[in-house]
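First the structure, in the form of structure tokens, and then the observations on it.
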Amino acid sequence: MQITGDLKMVDVVQHDIQLLAVIQRLNIPLGFRERTVKEVCNINNVDLDFFLHIANSFHDKEFLDFKKFRNFPVDWIIQYLMNAHRCYVDYRIPEIERQIKNFEKQVDINEKNIALLLDFFRKYIREFNSHIEQEEKSVFPYILELSDILKSDNFDSPRRDKLPSISEFHDEHSSIEETLFDLKSILLKYLPPPVTNCLYNNLIFDIFRLERDLLDHAELEENVLYPLVKEMENELHSKQNLR
Amino acid sequence: MAKLVIAESSHVIALGLLSLVKTFQDVENVRIVHEEEECCSVIEEFSPDILLINTSFLKLETMHRMLKIKKDEAIVVHIFNTPLPIGAPMEQVSILDSKDILLNKFDTILKRVRNLSDELDTEELSPREKDILKEVAIGLTNKEIAEKTFISTHTVISHRKNITRKLGIKTVSGLTVYAILNNIIQMDDIS
């Protein structure tokens with residue numbers, strides 16, 4: 001289904017509940033009543049076109065194509081990604097950690113296992129946080145500066161200190177994905193369930209959901225944002241050469 | 001689990017085939033390619049186990065190139081836009097085939113893929129692999145392991161690949177957790 005402006009927002013969300021995440025990250029509150037997507041976007045000062053592009057890319061991977069995002073200011077995409085970061089760091093990851101910790105209280109036979117798992121997960125959180133920090137402290141500011149420079153007439157190269165190349169970022173994404181993948185394998189294949197199945201399953205569901213979400217997130221960065229940045233870099237380069 | 005590529009210029013036929021193959025549990029992931037130029041790069045990156053290719057879709061040279069880059073054991077199935085004689089082999093399907101015939105053919109193909117992968121997957125680690133895992137889990141690098149066990153770094157790497165494939169664990173910290181859970185090393189072994 002292609003999402004369009006004249007559909008009712010509530011129908012869109014009911015059709016694909018995953019889109020709730022998109023709506024939340026664009027700071028659109030619930031309580032849509034009978035309003036259409038267009039009306040809801042207008043009320044909340046969200047660009048309709050931008051919403052449709054993000055929502056459709058999220059809903060149907062075939063739609064995702066960085067060329068379609070050329071017309072939007074790159075800071076909109078960055079703001080969206082940063083809102084997603086907040087959601088992971090402030091809520092999703094602490095929630096998984098809390099669940100693992102809870103297991104600690106309920107069992108003693110497997111205590112060693114739980115400690116091991118917590119350790120492993122904490123290591124993952126550290127890796128994840130430092131990745132996000134680097135994005136927010138050096139990659140995103142670099143991109144914003146790049147876009148400012150392109151808008152102005154002053155084509156000096158942006159400060160590019162401590163910024164790894166885009167391809168290194170790609171590597172880092174995959175290492176973060178691998179750790180989460182391993183956590184899942186260990187839980188499913190090798191760890192005897194320490195507590196009531198229901199709690200344990202809940203944890204596994206949460207990890208799967210986080211993994212899926214992070215994959216979508218990485219896809220937006222790697223297949224939309226980075227190609228756009230490469231285009232911007234090329235544009236700057238050719239403008240500098242012209243002078 | 002099998003990965004599949006459908007190379008077909010007709011949107012409707014590609015989607016029809018997709019909905020059919022998705023009914024099989026063994027089919028893990030499907031990619032559809034509509035453009036001849038994309039075909040080789042998709043196959044290279046996705047490394048499918050089964051390739052469904054319309055005979056009118058690829059030029060001969062692309063076909064040759066594709067046969068070279070696909071996985072050795074991958075099965076190529078040709079899609080014909082014309083009717084096929086009764087008893088045509090499973091690697092040939094026609095867009096005019098009935099649902100039963102198509103299901104039968106795909107069933108045979110997927111069984112063959114399953115047999116192939118069964119041969120590759122002996123799940124248990126060999127004693128040698130356990131030794132290597134032990135060293136990896138306590139945090140030695142490939143080079144250190146090679147020196148300690150008198151084998152080449154290359155062999156260490158190939159052991160590690162097999163370990164990862166068998167256990168489904170990719171990172172060193174994940175392997176450490178596995179090794180402790182299975183008493184291959186003790187908690188005290190890691191500093």
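Just so we're on the same page: letters track the sequence lines, and every chain starts at 1. Heavy atoms only: backbone and side chains are in, while hydrogens, waters and symmetry mates are out.
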Other residues, nucleotides, ligands: >12 heavy atoms within 6.0 Å of A:His15 NE2: yes
Please tabulate, one pair per line, the N or O donor-acceptor pairs under 3.5 Å between chain A and chain B.
residue	atom	partner	partner atom	Å
A:Lys123	NZ	B:Ser173	OG	2.9
A:Asp182	OD1	B:Lys170	N	2.6
A:Asp182	OD2	B:Lys170	N	3.0
A:Asp182	OD2	B:Thr171	N	2.5
A:Asp182	OD2	B:Thr171	OG1	2.5
A:Ser185	OG	B:Gly168	O	2.7
A:Lys189	NZ	B:Leu167	O	3.0
A:Tyr190	OH	B:Leu167	O	2.9

So do A:His85 and A:His217 actually touch side chain to side chain, heavy atoms under 4.5 Å? yes
Does the A:Asp206 side chain pair with the main chain of A:Ile96, one donor and one acceptor, at a distance under 3.5 Å? no
Check whether B:Leu167 gets within reach of chain A through its side chain, its backbone, both or neither, counting any heavy atom under 4.5 Å. both
Donor-acceptor contact below 3.5 Å, side chain A:Tyr88 vs main chain A:Asn129: no
Spacing of B:Leu4 atom CG and B:Leu110 atom CG [to the nearest 0.5 Å]: 7.5 Å
Validation row: B:Ile50, B:Val76 side chains within 4.5 angstrom (heavy atoms): no
